[in-house]
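Chain identifiers are assigned alphabetically (A, B, ...) following the order of the sequence lines, protein sequences preceding nucleic acid strands; residue numbering begins at 1 within each chain. Computed over heavy atoms, backbone and side chain alike; hydrogens, waters and symmetry mates excluded.
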Number of protein chains: 2
Amino acid sequence: MAEVSAVGTRQERKRRTRQALLDSALKLLEDTSLAGLSLREVTREAGVVPTAFYRHFPAMDDLGVALVEECMRALREMLRSARRKPSDDAIRGSVAILVDHVARYQAHFRFLIRERYGGVAAVRRSIAGELRLLGSELATDLARYRGMADWDAEDLRMVADLMVGAMLSVVTALLDVAEDPRARAEVVAVAEQQLRLIALGMTHWRRPL
Amino acid sequence: MAEVSAVGTRQERKRRTRQALLDSALKLLEDTSLAGLSLREVTREAGVVPTAFYRHFPAMDDLGVALVEECMRALREMLRSARRKPSDDAIRGSVAILVDHVARYQAHFRFLIRERYGGVAAVRRSIAGELRLLGSELATDLARYRGMADWDAEDLRMVADLMVGAMLSVVTALLDVAEDPRARAEVVAVAEQQLRLIALGMTHWRRPL
DNA sequence: GATTTCAGTGAACGTGCGTACACCGAAAAG
DNA sequence: CTTTTCGGTGTACGCACGTTCACTGAAATC
């Protein structure tokens, strides 16, 4: 059970309680989905009385949407890391960054994967919108690559979406293997090969034209 | 609300009631996830009294697992259709079959996608196991293709998993666009391109060796 | 025809839930 | 110093839930 200390200004204390609710929810969501999570469980875990919940969120759905925003902050931070990678092997470097971030924000990624097609419509919409944005960002990143200047926007988007999909598959696989280091290494190896195969397809894409 | 007719032998009537429970659950699951579905809702929809549920399933989790089996039957039927395709364009033909099946078994596919990482552990495990099997089947299918005889099992498996992942992405996209025929055509076009890009990567995979 | 089986019934229970409401006390505002 | 604001409290309510148990009546078995 989390305890919120009593020090600080009033709005600071409110912010901390809100964060405690988000953290508690995320912790409990390792075992169930948002649809199976009760308001009372969350407040119990956070160490406040049930009715205090309403001082921060109108309903559980809204807490879910707030959690999506928190998760997306982590995802964007990851993309930023990948952008300033001085690696000579872009694929290996990107996968390494992905693995690192999934390990650090395990609960966040699990929530994202689970609720992407989960039972709460508002959360689904929120995740879909954010992922679409992420696809756009990746597409513009790809456009800056050597030898891709002549790609049209549609094809860039198509490849970017394929890569986002593959990335999320890898995240899922990583969450499944959890702590087993041998299985983890296998997942990483397969992910690198899959991306390499996609890259191989890209270098030959409509080149004959 | 479904009504189970009173004709037929006893075990036949039992089978029909069981199916009514499965159908009712699947219908209700279009709006929520399994974790958010109550036993009483399902029996209400099926037109039986709550306690009758226990004559067929020990708990909701078990109904969920039974639903997974039903969904997988649909998926296997799809693979069988794809296997006896006389199409000269394998990719276009496969995608067409996929689109057709998703349209026919929309609720089943939605359930599968939603519960794959949903809140019920037993169902998750069941789906993961079935998909792994599906990957194996696809890998052996691929091995029979012209020019893939020299691929080793590991690489076949890697490609098969990439394709299963891409396929599930397409299913998801199809479920999202639902009825809009223009968006649907766009999804189909992108899916074909993505598979074509993967195929392109395959033809150049380790060929230099 | 008598007996057994069993899918479906109906009433009743304890529980945990979301939410309404009046209240408190310290921080913020005047 | 006085007043206002407001995050958190405690009680209390009605409701839907899962599960129990004894019961029914027609089909299956003998």
For [Y], is there any backbone N or O sitting under 3.5 Å from a side-chain donor or acceptor partner on [X]?
{"X": "A:R184", "Y": "A:L174", "value": "no"}
{"X": "B:T32", "Y": "B:L29", "value": "no"}
{"X": "B:E115", "Y": "B:L34", "value": "yes"}

- Query: How does each nucleotide of nucleotides 12-24 of chain C score, in 5' to 3' order, for protein heavy atoms under 4.0 Å: base (B), sugar-phosphate only (S), or none (-)?
  - Reply: -----BBBBB---
- Query: If you measure only the distance, is there a donor-acceptor pair under 3.5 Å linking the side chains of B:R157 and B:S136?
  - Reply: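 The answer is yes; a qualifying pair exists.
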- Would you please name every residue forming a ring pair (Phe, Tyr, Trp, His ring centres under 6.0 Å) with B:F57, sequence neighbours left out?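 Partners of B:F57 by the ring pair (Phe, Tyr, Trp, His ring centres under 6.0 Å) criterion, ordered by chain and then number, come out as B:F53.
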- Task: Nearest-nucleotide wise, let me know which of A:Q11 and B:V49 is further upstream toward the 5' end of DNA chain C.
- Result: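 So the residue in question is B:V49.
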- Item | 5′-ward residue of the pair B:R18/B:R10 relative to DNA chain C |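 Here B:R10 is the residue nearer the 5' end.
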- Task: Mind calculating the distance between CZ (B:F53) and C1' (C:dG10) to the nearest angstrom?
- Result: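 Distance, rounded to whole Å: 19 Å.
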- Task: Kindly write out the residues that satisfy side chain to side chain contact (heavy atoms under 4.5 Å, CB included) with A:A96, not counting sequence neighbours, or none if the list is empty.
- Result: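 Side chain to side chain contact (heavy atoms under 4.5 Å, CB included) check on A:A96 returns nothing, list empty.
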- Message: Holding to side chain to side chain contact (heavy atoms under 4.5 Å, CB included), I want the full list of residues that pass it with B:Y54, two or more places apart in sequence or in another chain.
- Response: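 Scan of B:Y54 (side chain to side chain contact (heavy atoms under 4.5 Å, CB included), adjacent residues dropped) gives B:L39.
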- To the nearest 0.5 Å, tell me how far A:M78 CE sits from A:L98 CG.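 Here the rounded value is 5.0 Å.
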- Query: Just wondering, are more than 12 heavy atoms of other shown residues or ligands nearer than 6.0 Å to CD in A:E154?
  - Reply: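 Atom CD in A:E154 is not packed in, count stays at 12 or less.
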- Query: Counting only heavy atoms not in A:E12, do more than 12 fall under 6.0 Å of its CD?
  - Reply: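 Enclosed.
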- Note on the structure: Dot-bracket assigned to DNA chain D with the 3.5 Å Watson-Crick/G-U criterion, [ ] for crossing and | for other-strand pairs, is ||||||||||||||||||||||||||||||
- Query: First contact, last contact: which nucleotides of DNA chain D are these for chain B, 5' to 3', heavy-atom distance under 4.0 Å?
  - Reply: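 Range of nucleotides within reach of chain B: D:dC17 to D:dA28.
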